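Remember, it's a predicted structure, so these values are computed and weren't measured experimentally. Letters A, B, ... are given to chains in the order of the sequence lines, protein chains preceding strands, and every chain is numbered from 1.
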Amino acid sequence: MLDINLLRNDLDGVVARLAARGFAFDAATFAALEAERKTLQTATQDLQAKRNSVSKQIGIAKSKGEDVAPILAEVENLKGELAANESALSTLQDKLNGLLLTLPNLPHESVPAGDDESGNVEVRRWGTPRSFDFEVRDHVDVGAPHGLDFETGARLSGSRFTLLRGQIARLHRALAQFMLNTQTEEHGYTEAYTPYIVNPEVLYGTGQLPKFADDMFRVERGGTDGQTQYLISTSEISLTNTVRDTILKADELPVKLTAHSPCFRSEAGAAGRDTRGLIRQHQFDKVEMVQITAPEQSYAALEQMVSHAEAILQKLELPYRVVALCTGDMGFSAAKTYDLEVWLPAQNTYREISSCSNCESFQARRMQARFKNDAGKNELVHTLNGSGLAVGRTLVAVLENYQNADGTVTVPAVLQPYMGGLTTIGG
RNA sequence: GGAGAGGUGGCAGAGUGGUCGAAUGUACCUGACUCGAAAUCAGGCGUAGGUGCAAGCCUACCGUGGGUUCGAAUCCCACCCUCUCCGCCA
């Protein structure tokens, strides 16, 4: 959520920066609502002040044993007017707040301008794509003989659900364990295990709600008619919200958390895209990194976090490139985002495998996550999140990049200890 | 699931429906005393919002949401959470 004071003081500037990311903000409507709010709030508070002082007089008069009937008659008139004002104000503030909740974050000044992914800027490349002396198969064909089973997944749960068994299932588990160990042991993240089902307000905190309800899976508890809850679409949600409604001490920052979790996405708007294979699933695993930092530290932390994600690909010896997303291609909550794209030989291209974002105070304001700064003031923290990495897509990259002519798959050296020493799948 | 207890400021802990945003203690900050510290004394010390150039003034907040009332931390209803015991379970 944007700082409403920024909207009040520099509405044109906000409109321009939102336009840079392709968001058309109806500034006139906002300005009108805000003007209305101002007069209504002032009037309401005046009435409240009047009621409070009269009520106080009643108390004093009663304690002196005086007749309070005349004062009661006076306050009686206030009652209806005040109630009408209060409810109108509350409606208006809900409206204003609802509007504010739909505004995306402002892009950082260092973000390249652009309308869509064609405006993204490659920052660096690592590794050289392997040259194959046989016809490259995609991960679906490579994985099928070893336990990558799309038919059974679909039979149980529909399309975009997959069953893994045997050595593929183990490789999948090995990848997650390897990533989690690297992030905790080498990069200083604290391991976390989080709820996968969360309350709606948590999703408001990180920005999935109210705008992206269609991307989520909703769940209802059997035997109750309680509130709807949601399956997390990333553990960024549960990890970042660990600091909601809290005031951290300055020396507690940065908070660095990581978790391995499943991610559930309805992929409502993705009909027909990436239908083959593991690339786009309703359920996939991810090792997520989250940092909660002081504002001055967040951009340095973003660079570090990208390097933490890169370390996984480097250890796996998978070629990749780092891309700075342009203003038009960034997610709702992000002020700046780097994507990591891994080389997929069957597609002959780089595909997204990690996304690292600095959300600045955007999520913190929604969550009311603050810290006591050096001046002793409560200040909003900055929040960052990044994949380190998406496990399913990493599995795709390993299967494709490490495939052999005879249909076997070489196990990357760093994963062999996690595979009981196995060096070749299907060997 | 059953029975009971409870949720008030950083923490502890008061609070007959009426100058209660909230006693008191403790922690913390500032000053005095001291060579310095401790102890002691004095003062300060919540969050959010509105308004104003500012000093300030005003509003809201005692788990959450409703309700009663001129007035609610206090009364009523619903919900959430915590603790104890029992049951059931992984």
- [ ] Please name all residues satisfying ring pair (Phe, Tyr, Trp, His ring centres under 6.0 Å) with A:Phe362, sequence neighbours left out, ordered by chain then number.
- [x]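 For A:Phe362 the ring pair (Phe, Tyr, Trp, His ring centres under 6.0 Å) partners, ignoring immediate neighbours, are A:Phe332.
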Pairwise [atom1] distance for [N] and [M], with rounding to whole Å:
N	M	atom1	answer
B:G49	B:G44	P	25 Å
B:C89	B:G2	C1'	16 Å
B:C76	B:C58	C1'	31 Å
B:G1	B:G71	P	38 Å
B:G67	B:G52	C1'	37 Å
B:U47	B:G10	P	9 Å
B:C20	B:A73	C1'	9 Å
B:C80	B:A42	P	48 Å

Task: Ionic contact status for A:Lys249 with A:Glu252, cut-off 4.0 Å - done: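 No.
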- [ ] Decide, yes or no, whether a salt bridge links A:Glu267 with A:Arg160 under the criterion of side-chain N to carboxylate O below 4.0 Å.
- [x]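 No, A:Glu267 and A:Arg160 are not salt-bridged.
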Open item on the list: Side chains of A:Tyr193 and A:His260: any donor to acceptor distance under 3.5 Å?
Closed with: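 No donor-acceptor contact under 3.5 Å links the two side chains.
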I need the [atom1]-[atom2] distance between [X] and [N], as an integer number of Å.
X	N	atom1	atom2	result
A:Gln57	B:G18	CD	P	18 Å
A:Lys249	B:A27	NZ	P	16 Å
A:Asp374	B:C29	CG	P	15 Å
A:Arg37	B:G49	CZ	P	11 Å
A:Leu47	B:G50	CG	P	19 Å

- [ ] Mark up nucleotides 54-75 of chain B, 5' to 3', with B wherever a protein heavy atom is under 4.0 angstrom from a base atom, S wherever such an atom reaches only the sugar-phosphate, and - elsewhere.
- [x] ----BSS---------BS----
Open item on the list: Taking the ring centre of each residue, are A:Tyr189 and A:His308 less than 6.0 Å apart?
Closed with: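 So the answer is yes for these two rings.
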Has [X] got a side-chain atom pairing as donor or acceptor with [Y]'s backbone, closer than 3.5 angstrom?
X	Y	result
A:Asn199	A:Glu201	no
A:Asn373	A:Ala375	yes
A:Asn9	A:Asn5	yes
A:Ser333	A:Thr206	yes

List the atom pairs, donor and acceptor, that lie under 3.5 Å between side-chain atoms in residues 162-169 of chain A and the rest of the protein, sequence neighbours left out.
unit_1: A:Thr162; atom_1: OG1; unit_2: A:Gln281; atom_2: OE1; d: 2.6
unit_1: A:Arg165; atom_1: NH1; unit_2: A:Asp149; atom_2: OD2; d: 2.9
unit_1: A:Arg165; atom_1: NH2; unit_2: A:Asp149; atom_2: OD2; d: 3.4
unit_1: A:Gln167; atom_1: OE1; unit_2: A:Gly426; atom_2: N; d: 3.2

- [ ] Please work out the stems of RNA chain B from pairs that are Watson-Crick or G-U wobble with both distances under 3.5 Å, keeping only runs of three or more consecutive pairs.
- [x]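 In RNA chain B, stems of three or more pairs: B:1-7 with B:80-86, B:10-12 with B:24-26, B:28-32 with B:40-44, B:46-51 with B:56-61, B:63-67 with B:75-79.
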Would you tabulate the nitrogen or oxygen pairs shorter than 3.5 Å linking the protein to nucleotides 46-48 of chain B?
unit_1: B:U47; atom_1: O3'; unit_2: A:Arg370; atom_2: NH1; d: 3.1
unit_1: B:A48; atom_1: OP1; unit_2: A:Arg370; atom_2: NH1; d: 3.0

Open item on the list: Filter on salt bridge (charged side-chain N to carboxylate O under 4.0 Å, His left out), then keep only pairs touching residues 13-26 of chain A, sequence neighbours left out; what's left?
Closed with: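 Found none.
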- [ ] Please assess A:Arg351 against A:Asp274 for the test salt bridge (Lys or Arg N to Asp or Glu O under 4.0 Å), listing each intermediate value before the final yes or no.
- [x] CA-CA 11 Å; A:Arg351 287 297 303 258; A:Asp274 300 312; 3.2 Å; yes
